[in-house]
Amino acid sequence: MARRNKIYEGKAKILYEGPEPGTIVQYFKDDATAFNAEKKATIEGKGVLNNRLSEFFMTGLNNIGVPTHFIKRLNMREQLVRQVEIIPLEVIVRNYAAGSMSKRLGIEEGTQLPRPIVEYCYKDDALGDPLVTEEHIAAFGWASQQDMDDILSLALRVNDFMSGVMMAVGIKLVDFKIEIGRVYDGDFQRLIVADEISPDSCRLWDIETGQKLDKDVFRRDLGSLTDAYTEVAKRLGVMPKNNAPVSKPTLIN
Ligand code: UDP
């Protein structure tokens with residue numbers, strides 16, 4: 001078997017050169033990290049779930065005309081995506097206060113915000129992904145004004161789509177993070193949603209009970225992360241019911 005060309009290994013994913021120029025194979029690992037990789041664990045089945053869930057969300061976005069990097073799922077842990085130039089920003093959209101915003105502004109977690117609030121963090125692990133303003137982004141040339149208009153519009157469209165999809169299965173979309181990539185089509189360039197959309201990068205709370213169904217389960221030691229992600233997948237119909245993603249292979253007669 002030919003050895004594949006690894007392009008990059010991150011905390012939760014590995015990127016390999018794809019079969020065609022301009023494509024990448026994105027492999028979802030079982031590794032979980034939090035607090036800028038100070039807390040680490042391997043959680044069996046997480047990669048399989050996130051591969052499926054990201055496929056589900058990205059396909060839905062593609063279908064309503066929000067462009068994403070997703071091309072197709074290849075197997076349990078891998079998907080084929082378009083190669084992009086990643087804009088070095090984490091784009092965060094918040095519908096309810098939580099996490100770093102609650103700490104920073106002293107707003108109780110779960111407080112509904114008057115409208116969705118979009119924040120930008122500069123992607124730099126060594127600096128702990130600091131919050132930046134559009135002034136920094138423009139001054140340091142991380143994105144142009146046109147890019148920022150497009151990024152805001154993509155972020156709000158993703159928020160509307162994700163909020164609706166989650167609401168329909170009894171889950172509140174508290175906040176999420178996306179990354180944006182630049183692609184070139186001939187003389188034109190455009191921005192598309194890249195990286196992943198999964199419970200690793202969203203806050204998802206059960207509407208009735210407030211139960212957390214996202215990576216905070218790992219960050220705050222609230223129980224089984226696989227159980228939480230499986231619950232999200234089941235409600236969305238992504239995983240066949242009663243078919244745990246981590247089940248061992250069984251012989252079929
Ligand atoms: N988030 C992420 N990656 C990061 C930082 C944040 O996916 O490196 C997501 C996080 O899961 C949450 C949202 O972005 O859904 C807002 O995160 P926040 O700024 O509150 O940071 P945290 O409290 O997670 O440090």
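In each ligand, atom 1 is the first atom listed, and ligand 1 is the first ligand listed. These numbers come from the heavy atoms of this one structure, side chains and all, not from hydrogens, waters or symmetry mates.
- Comparing Arg219, Glu179, Lys123 by heavy-atom distance to atom 10 (C) of ligand 1, the nearest is Arg219.
- For atom 21 (O) of ligand 1, the nearest protein heavy atom lies closer than 4.0 Å.
- Glu119 does not count as a contact of ligand 1, since none of its heavy atoms falls under 4.0 Å from the ligand.
- Residue, atom and distance of the protein heavy atom nearest to atom 15 (O) of ligand 1 are Asp175 OD1, 2.6 Å.
- Scanning all protein heavy atoms for the shortest distance to atom 4 (C) of ligand 1 gives Glu90 OE1, 3.2 Å.
- At least one heavy atom of Asp200 sits under 4.0 Å from some atom of ligand 1.
- In this structure, the side chain of Gln79 engages the main chain of Asn51 through a donor-acceptor pair within 3.5 Å.
- Less than 4.0 angstrom separates some heavy atom of Ser100 from each of these atoms of ligand 1: 18 (P), 19 (O), 20 (O), 21 (O), 23 (O).
- When all heavy atoms of Pro199 and Leu213 are compared, the pair lying nearest together is CB-O, 3.8 Å.
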What's the verdict on salt bridge (Lys or Arg N to Asp or Glu O under 4.0 Å) for Asp200 and Lys11, showing C-alpha distance, side-chain angles and the deciding distance?
CA-CA 11 Å; Asp200 266 9; Lys11 285 173 273 190; over 6 Å; no

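- Tested against Ile71 for a side chain to side chain contact (heavy atoms under 4.5 Å, CB included), the candidates Glu20, Arg82, Gln26 yield a single pass: Arg82.
- Contacts between Lys215 and ligand 1 below 4.0 angstrom, taking non-hydrogen atoms only, are absent altogether.
- For ligand 1, the atoms closer than 4.0 angstrom to any heavy atom of Gly99 are 20 (O), 23 (O).
- Neither the backbone nor the side chain of Cys121 comes within 4.0 Å of ligand 1, counting heavy atoms alone.
- The main-chain N or O of Thr226 is never found under 3.5 Å from a side-chain atom of Lys46 such that the two would form a donor-acceptor pair.
- Remark: distances from the non-hydrogen atoms of Lys103 to ligand 1 are all 4.0 Å or more.
- Listed by atom number, the atoms of ligand 1 under 4.0 Å from Cys202 heavy atoms are 15 (O).
- Atoms of ligand 1 found under 4.0 Å from any heavy atom of Arg94 (numbered from 1 in listed order, with element): 16 (C), 18 (P), 19 (O), 20 (O).
- Taking the six-membered ring where the residue is Trp, His136 and Phe140 present parallel rings, their angle staying beneath 30° rather than reaching 60°.
- The side chain to side chain contact (heavy atoms under 4.5 Å, CB included) test with Val158 is passed by exactly one of Thr68, Ile197, Val93: Ile197.
- In this structure, Tyr96 and Gln112 approach most closely via the heavy-atom pair CD2-CA, 3.4 Å.
- At a heavy-atom distance under 4.0 Å, only side-chain atoms of Asp129, from C-beta outward, approach ligand 1.
- Here the heavy atom of the protein found nearest to atom 17 (O) of ligand 1 is Arg203 NH1, 3.5 Å.
- Of the possible donor and acceptor atoms, one in the side chain of His69 sits under 3.5 Å from a partner among the backbone N and O of Asp195.
- Protein heavy atom nearest atom 1 (N) of ligand 1, with residue, atom name and distance: Lys177 CB, 3.7 Å.
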Walk me through whether Asp216 and Arg219 qualify under salt bridge (Lys or Arg N to Asp or Glu O under 4.0 Å).
CA-CA 5 Å; Asp216 275 347; Arg219 292 189 191 100; 2.6 Å; yes

